[in-house]
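Since the structure comes first, as structure tokens, the remarks are kept for the end.
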Amino acid sequence: MENEKKSSAISDMGAWAMNVVSSVGIIMANKQLMSNNGYAFGFATTLTGFHFAVTALVGLVSNAAGYSASKHVPMWELLWFSVVANMSITGMNFSLMLNSVGFYQISKLSMIPVVCVMEWILHNKNYSREVKMSVLVVVIGVGVCTVTDVKVNLKGFLCACLAVLSTSLQQISIGSLQKKYSIGSFELLSKTAPIQALSLLILGPFVDFYLNGKLITNYKMSSGAILFILLSCSLAVFCNMSQYLCIGRFSAVSFQVLGHMKTVCVLTLGWLLFDSELTFKNIMGMILAVVGMVIYSWAVEVEKQSNTKTLPHAKNSLTEEEIRLLKDGVEKSPLKDVELGEAKG
């Protein structure tokens, strides 16, 4: 039992590490690929289509080689999930374009309380006071180190609302579908990735044209740009896999809270690799966010232990009335032959 707990903890840490490393890596690769100082590949939605195409290909090869089993999930569920996921991607891109960076960061931070409320509405899930307080500390910490100028307009606000709601619903649905159909994280990803890839590769160029006024067909591809696109797609496979894996193992709220560790890593690496400015305010915000994450991990563990203590002892003894009823039932009911299924006098 103790060995199982240790191996489970190691697996959990491995899933988080894969998500953090691949997410931070993909942000760094995309920064070089998409920035004007890099290769100026400003087609974020189409690039996401490439990501899911490569992920779908890996899933197809894995299924063909017998490394993963394919379980049945109704097509309407997969289509519905893919629509929500694509709305999340498109909504985030539009939100970033139409809003200031400060408001965009605030909208991303609002996902944690939105996920909490949606899980309460959809799954009747409640959270302890310690968990709520730790979430608040994380939100304040990340807000301090990322939010600067905040400008709001109606179109940007509506896009931000759409992005937050669809992203929250998508992350909750990942866990729900895995539990509902007893399907593994990679199996679910390999089923949804082809649908997302096809829809994003068709619609992506039009969305990108609306966002930046450029057609991907006019982009002059270089060997460096191709290399970074391939690197970005490779990292996206691990990023997508680890996202499904983490939400399947934990919850959408935990994924959001501990996912802000990526924000801290990105800010630190931006300072180390790209000479980004790191102010005292940024440092204090990052420290506060990390403290909040530590408190959250502790609060979730306390909640788990309290649940395991109360559940086994909730019905560990019978009342006198229940014992009397059981005795009466045994004395009055006829004995049954298990094999023949006939009542014996």
Side-chain angles (χ1 to χ4, degrees), residues 19 22-23 26 30 43-64 68-96 108 111 114-115 118-119 122-123 158-211 216 232-233 235-248 251-252 255-256 259:
N19 185 256
S22 59
S23 297
I26 202 172
N30 288 352
F43 308 98
T45 313
T46 308
L47 180 63
T48 309
F50 293 156
H51 290 169
F52 280 106
V54 174
T55 304
L57 183 64
V58 171
L60 188 68
V61 171
S62 177
N63 286 334
S68 58
S70 181
K71 291 187 179 179
H72 176 71
V73 179
M75 181 54 72
W76 72 268
E77 293 246 44
L78 296 175
L79 288 171
W80 174 83
F81 174 83
S82 299
V83 168
V84 173
N86 287 350
M87 282 172 63
S88 163
I89 293 161
T90 310
M92 280 295 181
N93 287 340
F94 273 99
S95 176
L96 184 58
K108 283 181 73 177
M111 282 181 202
V114 169
V115 167
M118 288 180 81
E119 285 203 320
L122 296 172
H123 301 137
L158 292 174
C159 284
C161 289
L162 177 68
V164 168
L165 290 172
S166 56
T167 303
S168 303
L169 186 59
Q170 180 230 3
Q171 292 183 355
I172 291 170
S173 300
I174 289 172
S176 299
L177 287 172
Q178 287 186 49
K179 288 172 186 169
K180 186 176 180 181
Y181 296 104
S182 301
I183 188 170
S185 53
F186 186 69
E187 286 77 23
L188 180 61
L189 178 61
S190 62
K191 286 182 176 295
T192 58
I195 303 170
Q196 287 188 254
L198 185 64
S199 53
L200 286 171
L201 289 174
I202 292 169
L203 298 174
F206 298 101
V207 174
D208 290 330
F209 178 73
Y210 183 83
L211 288 170
I216 192 169
S232 181
C233 289
L235 289 166
V237 174
F238 292 102
C239 187
N240 289 328
M241 281 173 57
S242 59
Q243 181 190 6
Y244 280 56
L245 191 63
C246 288
I247 293 174
S251 69
F255 182 76
Q256 280 289 333

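A quick note: this is a predicted structure, and the numbers were derived from the prediction, not measured. Throughout, numbering of the chain's residues begins at 1 and tracks the sequence.
Thr90 OG1 to Leu162 CG: the interatomic distance, rounded to the nearest 0.5 Å, is 8.5 Å. We find the CG-OG distance between Leu57 and Ser62 to be 11.0 Å, quoted to the nearest 0.5 Å. Here the SG atom belonging to Cys159 is positioned 10.5 Å from the CG atom belonging to Asn93, to the nearest 0.5 angstrom. Within the model, atoms CE of Met118 and CD of Gln171 stand 10.5 Å from one another, a figure rounded to the nearest 0.5 Å. Here the straight-line distance linking atom OG of Ser173 with atom CH2 of Trp80 works out to 3.5 Å at 0.5 Å rounding. With rounding to the nearest 0.5 angstrom, the CG atom of Leu189 is 10.5 Å from the CG atom of Leu245.
Leu60 has its side chain out of reach of Ser190: every pair of non-hydrogen atoms, C-beta onward, lies at least 4.5 Å apart. Side-chain contact between Thr45 and Leu211 is present, with heavy atoms from C-beta onward closer than 4.5 Å. Counting heavy atoms from C-beta outward, Ser242 and Ser22 have side chains that approach closer than 4.5 Å. Side-chain contact check for Phe81 versus Gln170: some heavy-atom pair is nearer than 4.5 Å. Two residues are said to be in side-chain contact when any heavy atoms from C-beta on lie closer than 4.5 Å; Phe52 and Pro194 fail this criterion. Residues His51 and Ile26 meet the side-chain proximity criterion, which asks for heavy atoms closer than 4.5 Å. Counting only heavy atoms from C-beta outward, the side chains of Ser176 and His123 approach each other to under 4.5 Å. Annotation: side chain of Val73 is not in contact with side chain of Glu187 (no heavy-atom distance under 4.5 Å).
Partner of Leu198 under the side chain to side chain contact (heavy atoms under 4.5 Å, CB included) criterion, out of Ile202, Leu201, Leu200: Ile202 alone.
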Checklist entry - Passes side-chain contact (heavy atoms from CB on, under 4.5 Å), Thr55 versus Phe238? Steps please. => result CA-CA 9 Å; Thr55 304; Phe238 292 102; over 6 Å; no

Item to check | From CA spacing to verdict: side-chain contact (heavy atoms from CB on, under 4.5 Å), Ile195, Met75 | outcome: CA-CA 10 Å; Ile195 303 170; Met75 181 54 72; 4.2 Å; yes

Next on the checklist: Let's go through Met87 and Leu169 carefully: what are the C-alpha distance in whole Å and the side-chain angles of both, what is the deciding distance for side-chain contact (heavy atoms from CB on, under 4.5 Å) to 0.1 Å, and is it a yes or a no?
Outcome noted: CA-CA 11 Å; Met87 282 172 63; Leu169 186 59; over 6 Å; no

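Enclosure of atom CZ in Phe43 by more than 12 non-hydrogen atoms of other residues, nucleotides or ligands within 6.0 angstrom is indicated.
Remark: the backbone N or O of Leu188 is paired with a side-chain donor or acceptor of Thr192 at under 3.5 angstrom. The backbone N or O of Gln178 lies less than 3.5 Å from no partner atom in the side chain of Ser182, so there is not a single donor-acceptor pair. Judged purely by atom type and a 3.5 angstrom limit, Thr167 has no side-chain atom pairing as donor or acceptor with the backbone of Val164. A side-chain donor-acceptor contact under 3.5 Å links Asp208 to the backbone of Thr46.
When all heavy atoms of Gln243 and Asn19 are compared, the pair lying nearest together is N-ND2, 3.7 Å. Across every non-hydrogen atom of Cys233 and Phe50, the tightest pair is SG-CB, 3.7 Å. Nearest heavy-atom pair, Ser166 versus Val84, reported as atom, atom and distance to 0.1 Å: O-CG1, 3.3 Å. Shown here for Ala163 and Gly91, the closest heavy-atom pair between the two residues is CB-C, 3.5 Å.
Ring-centre distance between Tyr210 and Phe94: below the 6.0 Å cut-off.
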